[in-house]
Q: 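Below are the structure tokens for one structure; questions will follow.
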Amino acid sequence: MTDTKRIVLSSDHAAIDLRQTIAAHIAKLGWEVVDIGPTTPESTHYPKHGKAAAGRVASGDCRFGIILCGTGQGIMMAANKVAGIRCGVCSDTFSARMIRQHNDANMLSLGVRVLGEGLALDIVDAFLTAEFEGGRHATRVEMIEAPEVALTA
Ligand code: RB5
């Protein structure tokens with residue numbers, strides 16, 4: 001994991017405009033933004049964009065990732081399939097703060113068909129400024145990180 005203020009952004013076709021607005025906002029806050037697209041509005045498949053962004057975080061290339069689709073849900077599910085990724089969908093600032101403080105989330109997912117621009121930017125700010133609290137929460141995060149198992153019974 002890198003501690004540098006470098007963040008990857010991605011989305012599907014539905015959320016290009018909001019993603020670019022968020023990219024500009026974050027850049028003004030002093031983050032180096034790695035926007036991996038897409039940039040054209042043809043219909044595309046959110047899992048590949050979610051996993052591509054997740055790879056940048058899991059590899060340590062970027063400290064955080066922000067991903068978007070219509071609801072934020074599908075792209076979040078795809079990102080969470082990448083080992084080491086803890087991504088939550090947030091539609092309020094409290095949850096955005098808490099997924100950092102308690103869950104040590106390294107990715108945030110947003111739904112462009114759920115949120116207005118102002119709330120989306122506030123959620124981004126809450127996510128980026130909150131710190132992981134460690135302690136008992138670290139034990140729980142380690143439990144999240146235990147290898148995925150297929151339950152048979
Ligand atoms: C695309 O129409 C839509 O399915 C996608 O943006 C997202 O909402 C999926 O979870």
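First listed ligand is number 1; within each ligand, the first listed atom is number 1. Given the structure is predicted, the values throughout are model-derived calculations rather than measurements. FYI, side chains are in, hydrogens and waters are out, and symmetry mates aren't considered; it's all heavy atoms of this structure.
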Q: Who's the nearest protein heavy-atom neighbour of atom 5 (C) of ligand 1, and how far?
A: Asp12 OD2, 3.2 Å
Q: Please name all residues satisfying salt bridge (charged side-chain N to carboxylate O under 4.0 Å, His left out) with Glu117, sequence neighbours left out, ordered by chain then number.
A: none
Q: For Met77, state whether at least one heavy atom is located under 4.0 Å from any atom of ligand 1.
A: no
Q: Find out if a path of hydrophobic residues (ILVMFWY) with successive side-chain heavy-atom gaps under 4.5 Å connects Val34 to Ile67.
A: yes
Q: Nearest 0.5 Å, please: how far is NZ in Lys81 from CE in Met76?
A: 11.0 Å
Q: Is ligand 1 under 4.0 Å from a heavy atom in the side chain of Thr71, in the backbone, in both, or in neither?
A: both
Q: What residue and atom, counting heavy atoms only, is the protein's closest point to atom 2 (O) of ligand 1, and at what distance?
A: Arg113 NH1, 3.4 Å
Q: Applying side chain to side chain contact (heavy atoms under 4.5 Å, CB included), run through Arg86 and Asn103 and close with a yes or a no.
A: CA-CA 8 Å; Arg86 292 177 300 282; Asn103 312 121; 5.6 Å; no
Q: Give the residue and atom name of whichever protein heavy atom lies nearest to atom 9 (C) of ligand 1, and the separation in Å to one decimal.
A: Tyr46 CE2, 3.4 Å
Q: Can you measure from CD1 (Ile144) to OG1 (Thr139) and round to the nearest 0.5 angstrom?
A: 11.5 Å
Q: What is the minimum heavy-atom distance between Leu128 and Phe64, and which atoms define it?
A: CD2-CD1, 3.8 Å
Q: Would you say Cys69 and ligand 1 have an N/O pair spaced under 3.5 Å apart?
A: no
Q: Checking a contact table here: which protein heavy atom is nearest atom 10 (O) of ligand 1, and how many Å away?
A: Gly74 N, 3.0 Å
